[in-house]
Amino acid sequence: MFSKIVRRTHMYLALFLTPWVLVYAVSTMVMNHREFFREIYGGAAPAWVKETERPYRAASPADAPPQAVGAELLREVGLDGAYNARRDAAGVVTVVRQDPVTPKRIVYRSAEGTLVVEREQFRMPAFLERMHRRRGYQHPFALEDTWAFSVDAFIVAMLFWFASGLWMWWEMGATRKTGALFAAGGLALFALFLFTI
Amino acid sequence: MTFNHFVRRLHLYLALSLLPWFFVYGASSLPFSHPSWFNSIYDDGVPLWKLRFARPYERAVPAGADLRAIGAEIMKDAGVEGSFGTYRPNDRELHVYVHTFWRATQIKYFLDRKELRAEDRRFRWDHFLTGMHARGGFENRQPLAFGWSIVVDVVCIGFLAWIASGIYMWWQIPSTRSWGWLALGGGAALFAFFLLRL
């Protein structure tokens, strides 16, 4: 019975987390070949494409922290969510809304009273890398915390697959010798890297 | 050997071969996901970087020069070895970050005041794990470093092979199909929700 529970948990967990496994695998390969993919796109960073521009006067005081102004601007354009914000020497506030598929940039020029919304041109490698790197509980949004929790769940699942996989292998007596050879080979190669690079 | 048998053995032996990588990628994701918790463990007053030396140094860094080649020369002059990256944060500084799995050294060349400083990073297990996790790329042509990056690709292919073979093996057990569809569909729906709403 215990064996069956381990096998079924191993399988159903893997089926549920298939999209995460897929994205982490493909994105790792993309990051491992970053230069190759950069050259495909001519080496330049993705362009920002203007979506809207309109007059706007922020309610936040001129000396308010950029994060506070950013929150107001995102509410104004209906893009609440994870973001970072900065103010340059000229007083221009730039907010980047960290949408995984289409990041948005909101630029507020208080001197001119304009608000510009731009979107980042979609590139598959950039999208995959964003998904790979998204984690942590640093944003004050429940949805962000939920994603971070799913990442933690994936980590726990990986450690479970590691342990349950070993268990299931050991239960199959016929595969023990060959399995031990593969495991020892992998371990030896890993140890070689560990102590030489 | 039947196809079914081949798929099962591929799933198993691939996993056993790549077990150390699988474990390291899993365990090392924890410090990435909870950096503040790991930082609090090492919040003991010991500085992260310790000065190894600071000495006068002069080297021309022409505009548009190959920074990696210059970084290699600076490392040689500083007597430091390992995989490295060279960065120029501003016109006055050139940084060479040298690392192995066990140690890291940053060499800073201050062009304006003609000084070379080398600092060693204290060992931390979370940095050891995240360093292994993040290691990859083919810029370093040293054979073993290159070999590591090839294995990283093999691990990625391994993950894709586990998805394909896992789904195949699931389908071979008809009694699990309904719950399997629920798990697969539920995961896909949740992931799609995150994609659309994050």
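Throughout, protein chains are lettered first and strands after them, A, B, ... in sequence-line order, and every chain is numbered starting at 1.
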When the ring planes of [X] and [Y] are compared, do they come out parallel, tilted or perpendicular, using 30° and 60° as the limits?
X	Y	answer
B:F22	A:W161	tilted
B:W102	A:F195	parallel
A:F182	B:Y13	parallel

Is there side-chain contact between [X] and [Y], with at least one heavy-atom pair below 4.5 Å?
X	Y	value
B:L182	A:F16	no
A:Y137	B:H34	yes
A:F193	B:M132	no
B:L160	A:M29	no
A:L194	B:F128	yes
B:L16	A:T175	no
A:L187	B:L19	no
B:L198	A:Q98	no

Mark yes or no for whether A:N32, through its side chain, and B:G137, through its backbone, hold a donor-acceptor pair below 3.5 Å.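 The answer is yes, because a donor-acceptor pair under 3.5 Å joins these two groups.
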Which atoms of [X] come close to chain A, meaning under 4.5 Å heavy atom to heavy atom: side chain ones, backbone ones, both, or neither?
X	value
B:F193	side chain
B:F146	neither
B:M169	neither
B:Q142	side chain
B:L12	side chain
B:V155	neither
B:S29	both

Please look at [X] and chain B and tell me whether the side chain, the backbone, both or neither of the residue comes under 4.5 angstrom of a heavy atom of that chain.
X	answer
A:V156	neither
A:H139	neither
A:R133	neither

Measure across [X] and [Y] and return the closest heavy-atom pair with its distance rounded to 0.1 Å.
X	Y	result
A:D152	B:S33	OD1-OG, 2.9 Å
A:L143	B:R197	CD2-O, 3.2 Å
A:P19	B:A188	CG-CA, 3.8 Å
B:I173	A:M11	CD1-SD, 4.4 Å
A:L15	B:G180	CD1-CA, 3.7 Å
A:I197	B:A145	CG2-N, 3.7 Å

Same cluster or not: A:M124 versus A:F37, using hydrophobic residues (I, L, V, M, F, W, Y) connected whenever any side-chain heavy atoms lie under 4.5 Å apart?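 Per the 4.5 Å side-chain linkage, A:M124 and A:F37 are co-clustered.
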Output the option from B:F32, B:W181, B:W162, B:Y25 having the highest count of non-hydrogen pairs under 4.5 Å with chain A.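 Most heavy-atom pairs within the cutoff with chain A belong to B:F32.
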If you count heavy-atom pairs within less than 4.5 Å of chain A, which of B:V152, B:I163, B:T100, B:D153 leads?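 Highest number of heavy-atom pairs under 4.5 Å: B:D153.
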Under a 4.5 Å cutoff for heavy-atom pairs, which residue among A:G136, A:S150, A:P100 has the most contacts with chain B?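 Max contact count across the listed options: A:P100.
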Intermediate values then yes/no, side chain to side chain contact (heavy atoms under 4.5 Å, CB included), A:E35 and B:F138: CA-CA 9 Å; A:E35 285 306 312; B:F138 293 89; over 6 Å; no
With a 6.0 Å cut-off on the ring centroids, do A:F190 and B:W21 count as close?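 Judged by ring-centre distance (under 6.0 Å), A:F190 and B:W21 do meet the cut-off.
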